Amino acid sequence: MGRIRKFELETVVDHAVSTFWQHGYEGTPMAELCRSMALQPGSVYAAFGDKRQLFIRCLHRYAETVSRQAVERINAKPSGLAGLHDYFEHLVDAMVHGQRRWGCLLTNSVVEFAGRDTDLSALFQAHFARLESAFAAALARARAANELREGAGPHDAGLLVAVVQG
């Protein structure tokens, strides 16, 4: 019979997310992951398989939390322009004072795995599409409220994704 898990799975995944976020996949040895998660290697392997499987779990966790929070922030204001302003203000603050000083885990991972791991590309594309959709909806609200200059609108959402991810 297997041993009973004595840790909260999502809590240790959050610790691993922070570690991968700060150091990248290649820059994070298993020993550092174990230290940050406060687990022995056997527990990590039993719970997650190998480092790659843990990394994929971390990318999903990041996407479901950070992406969801971004979309919620953009959509929280009735004014599309105010939602975008709030999102970008929060993003800049996180870059200066928070974990965003390490960039975006998904963007960093796209750069790290560029062209060599097509299995991850669907996850990356879904994240960017979700963000672009939220930007497009906010720009549509702003356009409808005459908050934008002439010619600006939802079609500019891809540019905002490029700015954020660049």
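Scope of the values below: all heavy atoms of this structure, side chains included, with no hydrogens, waters or symmetry mates. What you see is a predicted model; the values in this text were computed from it and never measured.
There is no path of hydrophobic side-chain contacts, each under 4.5 Å, that joins Val71 to Val164. Taking hydrophobic clusters as Ile, Leu, Val, Met, Phe, Trp and Tyr residues chained together by side-chain heavy-atom distances below 4.5 Å, Met30 shares a cluster with Val13. At a threshold of 4.5 Å between side-chain heavy atoms, the hydrophobic network of Ile, Leu, Val, Met, Phe, Trp and Tyr places Val161 and Val92 in two separate groups. No path of Ile, Leu, Val, Met, Phe, Trp and Tyr side chains, each step under 4.5 Å between heavy atoms, connects Leu123 with Val111, placing them in separate hydrophobic clusters. Leu81 and Leu159 sit in two unconnected hydrophobic clusters of ILVMFWY residues. Membership requires side-chain heavy atoms under 4.5 Å apart, directly or through other members.
Between atom CG of residue Leu120 and atom CD of residue Gln125 there is a gap of 11.0 Å, rounded to the nearest 0.5 Å. Here the CZ atom belonging to Arg143 is positioned 5.0 Å from the CD atom belonging to Glu150, to the nearest 0.5 angstrom. Interatomic distance, CG of Asp156 versus CD of Glu132, reported as 10.5 Å (0.5 Å rounding). In this structure, the separation between CG on Leu54 and CZ on Arg61 is 12.5 Å, given to the nearest 0.5 Å. A distance of 10.0 Å separates CG of Leu33 from CG of Leu39, quoted to the nearest 0.5 Å. Note that NZ of Lys51 is 6.0 Å distant from OG1 of Thr28, once rounded to the nearest 0.5 Å.
A donor-acceptor pair is defined here as one N or O able to donate and one able to accept, closer than 3.5 Å; no such pair exists between the side chain of Ser133 and the backbone of Ala129. Using modelled atom types, one side-chain atom of Arg68 and one backbone atom of Glu64 make a donor-acceptor pair closer than 3.5 Å.
Closest heavy-atom contact between Cys58 and Leu105: O-CD2, 4.4 Å. Closest of all the heavy-atom pairs between Trp21 and Gly103 is NE1-O, 2.8 Å. Shown here for Ala136 and Ala157, the closest heavy-atom pair between the two residues is N-CB, 3.5 Å. Of all the heavy atoms in Glu147 and Ser79, the pair that sits closest is OE2-OG, 2.6 Å.
The side-chain heavy atoms of Phe48 and Ile56, taken from C-beta on, include no pair separated by under 4.5 Å. Within the 4.5 Å cutoff, no side-chain heavy atoms of Phe20 are placed close to those of Glu112. The shortest distance between side-chain heavy atoms of Leu160 and Leu139 falls below 4.5 Å.
Around NZ of Lys77, the count of heavy atoms belonging to other residues, nucleotides or ligands within 6.0 Å does not exceed 12. Other residues, nucleotides and ligands contribute over 12 non-hydrogen atoms within 6.0 Å of the NE2 atom of His155. More than 12 heavy atoms of other residues, nucleotides or ligands sit less than 6.0 Å from atom CD of Glu26.
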Could you walk me through whether Arg57 and Leu9 pass side chain to side chain contact (heavy atoms under 4.5 Å, CB included), step by step? CA-CA 11 Å; Arg57 174 79 175 257; Leu9 203 58; 3.2 Å; yes

Step-by-step side chain to side chain contact (heavy atoms under 4.5 Å, CB included) determination, Asp93 to Glu89: CA-CA 6 Å; Asp93 185 60; Glu89 186 175 89; 5.9 Å; no

Kindly indicate, with the supporting measurements, whether the criterion side chain to side chain contact (heavy atoms under 4.5 Å, CB included) is fulfilled by Val12 and Val44. CA-CA 9 Å; Val12 297; Val44 175; over 6 Å; no

Kindly indicate, with the supporting measurements, whether the criterion side chain to side chain contact (heavy atoms under 4.5 Å, CB included) is fulfilled by Leu106 and Val66. CA-CA 10 Å; Leu106 291 170; Val66 173; over 6 Å; no

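Within the structure, ring-ring contact (aromatic ring centres under 6.0 Å, His included) pairs that include any residue of residues 104-125 comprise Tyr25-Phe113, Phe55-Phe113 (at least two apart or interchain).
With Ser67 as the fixed residue, the side chain to side chain donor-acceptor pair (under 3.5 Å) test singles out one of His127, Glu72, Arg130: His127.
Judged as a ring pair (Phe, Tyr, Trp, His ring centres under 6.0 Å), and not counting sequence neighbours, the contacts of Phe135 are Tyr87, Phe88.
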